[in-house]
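Letters A, B, ... mirror the listed sequences (proteins, then strands); counts begin at 1. In this text, all values refer to a predicted model and were calculated from it rather than measured experimentally.
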Number of protein chains: 2
Amino acid sequence: MDKNLKKRETMHRLCAKGLEIFHEKGYYNTNLDDILKDLSLSKGAFYHHFKSKEDYFITIVQNLIQQKVYALLVEPLNTQENPLPVILDSIEQALEPGKANEIAYGFMLNDFITEFSKRNKEIATYLRDILKVWEVNLVSILKRGKVDGHIARHVDCEGAASYIIASYLGMRTLLAESTNRQLKYNYVQQLKLYFNAIEERQVVA
Amino acid sequence: MDKNLKKRETMHRLCAKGLEIFHEKGYYNTNLDDILKDLSLSKGAFYHHFKSKEDYFITIVQNLIQQKVYALLVEPLNTQENPLPVILDSIEQALEPGKANEIAYGFMLNDFITEFSKRNKEIATYLRDILKVWEVNLVSILKRGKVDGHIARHVDCEGAASYIIASYLGMRTLLAESTNRQLKYNYVQQLKLYFNAIEERQVVA
DNA sequence: AAAGGAACCGACCGGCGGGTCGGTTTAAGG
DNA sequence: CCTTAAACCGACCCGCCGGTCGGTTCCTTT
């Protein structure tokens, strides 16, 4: 089974390095040699494991990006607590570098979706679907929050969910490569203010 | 002076069509022939007027995108009224297609900034600078709002400004090509809620 | 009307990069 | 061992596209 292990390991190395470089330089601005040189692998090795650059990237999306986004932004929503702090916390965690996420996995969605939506509809759809899952989970937890009396009755949960996602994605464009901690902090602060606005007002004694 | 007119007209046609196609397909995914064929012009004509594709795009940024973003999102802020409705209105206007803006000029900034920030720092800087001007004007009008008692004293104006911009840019990724009117409407609604949160509370009688 | 240059033409160049393919190394199975 | 195929190698192919260049047309100027 050594051969089988080797295959797994090589594919995994290719995917990990590929994500790193694609994220850093963009998909279309990265050529395969950039990645292969780093790993001391050849074109032949690459095309032995993947049928095309596109197939390769789809594998990366499904095995790495999707997994990570779900783990960071979707799974944490699966709780019975007050939704707004839970959402805030998941986003804060997702923005925090240096933990499990050396790369800000959620953030890169904005870059890749923008890059692919005009070039490759198929890949764009895979990426959008990841956002979609996040969205439906947000909507669902927000609706429960309404029932549980944490969120004001007038709030449009679908609207709120896409607004949260939009602001999160948009931060990426502002942050760009500069890992500006101040901007991240500010963003979370403003998101809190927005959450204040949709929170159920406490009955004044 | 006929020659001079001709030159102006050709350059203008090139820029207008260029923006249209670049916006539609992305800069790096558009080749010059795509544009030239549409205008029945030749490579020779193009390189007579512009020294490179890059030079061409910079001209478009400065003469079309910048102008339009300023007109739609910056100029309207130059008023003494209550800031929050003014900001909301300018954004609503900017999102409204079919008026002066057949193309959503503010929106395309997200696409182009994302596209260039990993490919061409110079152009990325030009685009970021446009956002920067919007940002400082937002900060300035928000600060005045605080002085005038329209905005709560605890609000961080810089944070608020970048949050507004982030949410606006992020909408683009969600909307993508689909001119989803519902999503735009929802966005404006949620922005209103956020504005409620930073607005100076009316003194209860 | 002749000269000169601006506006424009379009065949061609050359680098880049995804993908191919015949060959070599390595390890599993008999 | 010795066969077989998986894993890997790297020279090569080829389409794409930004940019070039020698030429033609058209307007302006004198």
### Query
Looking at DNA chain D, which of residues 13-26 of chain B put a heavy atom within less than 4.0 Å of it?
none
### Query
When rounded to the nearest 0.5 angstrom, what distance separates CG in A:L19 from CE in A:M108?
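Reported value, rounded in 0.5 Å steps: 4.5 Å.
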Can a side chain N or O of [X] be found less than 4.0 Å away from OP1 or OP2 on [N]?
X: B:H48; N: C:dC8; result: no
X: B:T10; N: C:dA7; result: no
X: A:H49; N: D:dA6; result: no

Considering only distance and modelled atom types, tabulate donor-acceptor pairs under 3.5 Å from the side chains of residues 39-51 of chain B, sequence neighbours left out.
unit_1 : atom_1 : unit_2 : atom_2 : d
B:S42  : OG     : B:G44  : N      : 3.4
B:S42  : OG     : B:A45  : N      : 3.2

### Query
So, B:Y194 versus A:F195, ring centres under 6.0 angstrom or not?
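Centroid separation for B:Y194 and A:F195: 6.0 Å or greater.
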Taking [atom1] from [X] and [atom2] from [N], how many angstroms apart are they, rounded to a whole number?
X: A:L5; N: D:dC8; atom1: CG; atom2: P; result: 12 Å
X: B:L36; N: C:dA7; atom1: CG; atom2: P; result: 16 Å
X: B:Y56; N: D:dG18; atom1: OH; atom2: C1'; result: 14 Å
X: A:K7; N: D:dA5; atom1: NZ; atom2: P; result: 16 Å
X: B:R8; N: C:dA7; atom1: CZ; atom2: P; result: 12 Å

### Query
Any ion pair linking B:K6 and B:E9 (charged N to carboxylate O, less than 4.0 Å)?
no
### Message
What I want to find out is whether A:E200 reaches A:R153 closely enough, with some N-O distance under 4.0 Å, to be called a salt bridge.
### Response
yes
### nucleotides 17-27 of chain C: protein proximity per nucleotide (B base, S sugar-phosphate only, - neither; heavy atom, under 4.0 Å)
SBBB-----BS
#### Entry: Qualifying residue, where the test is side chain to side chain contact (heavy atoms under 4.5 Å, CB included) with A:L175 and the options are A:L183, A:N110, A:L95
A:L183
### Query
Can you list every side chain to side chain donor-acceptor pair (under 3.5 Å) pair that touches residues 154-169 of chain A, not counting sequence neighbours?
A:K143-A:E158, A:S167-A:Y187
### Summary
Residue pairs meeting ring pair (Phe, Tyr, Trp, His ring centres under 6.0 Å), one or both in residues 62-92 of chain B, sequence neighbours left out, come to none
### Message
Checking B:F116 now: which residues fulfil ring pair (Phe, Tyr, Trp, His ring centres under 6.0 Å) with it, not counting sequence neighbours?
### Response
B:Y27, B:Y28, B:F57
